[in-house]
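Report on one structure; see the data block that follows.
Position 1 is the first residue of the sequence, and the numbers go up from there.
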Amino acid sequence: MPVSAKTATKLREAMARLLAGEPLHTDGALTKENLAREAQVSHATVHRADDILAEWNAKVARPVLRTPGEVARDETIAELRRQLRKARAEITQLNGELDALATVTANLYHENLALKKKLGSSRRLTSLHPQE
């Protein structure tokens, strides 16, 4: 199914902006994904526009490689994602330990109440460390 004339015009204008290095809606990388974003149409719509894709492929003969800055940015993002995964795993583990400690504390509290009841209110508890 071909695209409408209006959509074709949007795609051609977007292609012209990208090729001129004057994008409005993208980072300017010469990709079909950016062509769709720049034209503000879906990726599927771009692939239905066969004649426009042929023009694109003729003008952008090979994929553009990432610049050193983009490579460094992507490596930084990957490292930050690894750190985030590690931190989340640690948080999950610590939350589990915290839940376990809360359970133990609650059990000790209830055992303490039960022992106090058993001893009665007339009997006083003695300290393990008598005052000197």
Test: salt bridge (charged side-chain N to carboxylate O under 4.0 Å, His left out). Region: [range]. Which pairs qualify, not counting sequence neighbours?
| range | answer |
| --- | --- |
| residues 24-34 | E33-R37 |
| residues 69-78 | R66-D74 |
| residues 9-26 | R12-D51, R12-E55, R17-E38 |

- Query: A29 and N34: which non-hydrogen atoms are nearest, and at how many Å?
  - Reply: O-ND2, 2.9 Å

- Note on the structure: For G28 and P23 the tightest heavy-atom approach is CA-CG, 3.6 Å

- Are R85 and R81 close enough that some pair of their side-chain heavy atoms sits under 4.5 Å apart? yes

- Taking the side chain as every heavy atom from C-beta outward, state whether W56 and L30 have any pair of such atoms under 4.5 Å apart. yes

- Steps toward side chain to side chain contact (heavy atoms under 4.5 Å, CB included) verdict (M15, L18): CA-CA 5 Å; M15 185 185 329; L18 286 171; 5.9 Å; no

Separation between [atom1] of [X] and [atom2] of [Y], rounded to the nearest 0.5 Å:
| X | Y | atom1 | atom2 | value |
| --- | --- | --- | --- | --- |
| H110 | L108 | NE2 | CG | 10.5 Å |
| L11 | T45 | CG | OG1 | 7.5 Å |
| L84 | I91 | CG | CD1 | 8.5 Å |
| I52 | N57 | CD1 | CG | 12.0 Å |

- Task: Look at the side chain of T105 and the backbone N and O of L101, then say whether any donor-acceptor pair between them is shorter than 3.5 Å.
- Result: yes

- Transitive ILVMFWY cluster of L113 at side-chain heavy atoms under 4.5 Å: who else is in it? Y109

- Message: Under the side chain to side chain donor-acceptor pair (under 3.5 Å) definition, can you give me all pairs with a residue in residues 88-104, not counting sequence neighbours?
- Response: Q93-E97

- Query: Would R82 and K86 count as a side chain to side chain contact (heavy atoms under 4.5 Å, CB included) if you check the C-alpha gap in whole Å, the side-chain angles of each, and the deciding distance to 0.1 Å?
  - Reply: CA-CA 6 Å; R82 276 191 293 277; K86 182 179 176 184; over 6 Å; no

- Carefully, step by step, assess L35 and V41 under the rule side chain to side chain contact (heavy atoms under 4.5 Å, CB included). CA-CA 9 Å; L35 177 60; V41 298; over 6 Å; no

- Of all residues at least two apart in sequence or in a different chain, which pass the side-chain contact (heavy atoms from CB on, under 4.5 Å) check with A44? S42, R48

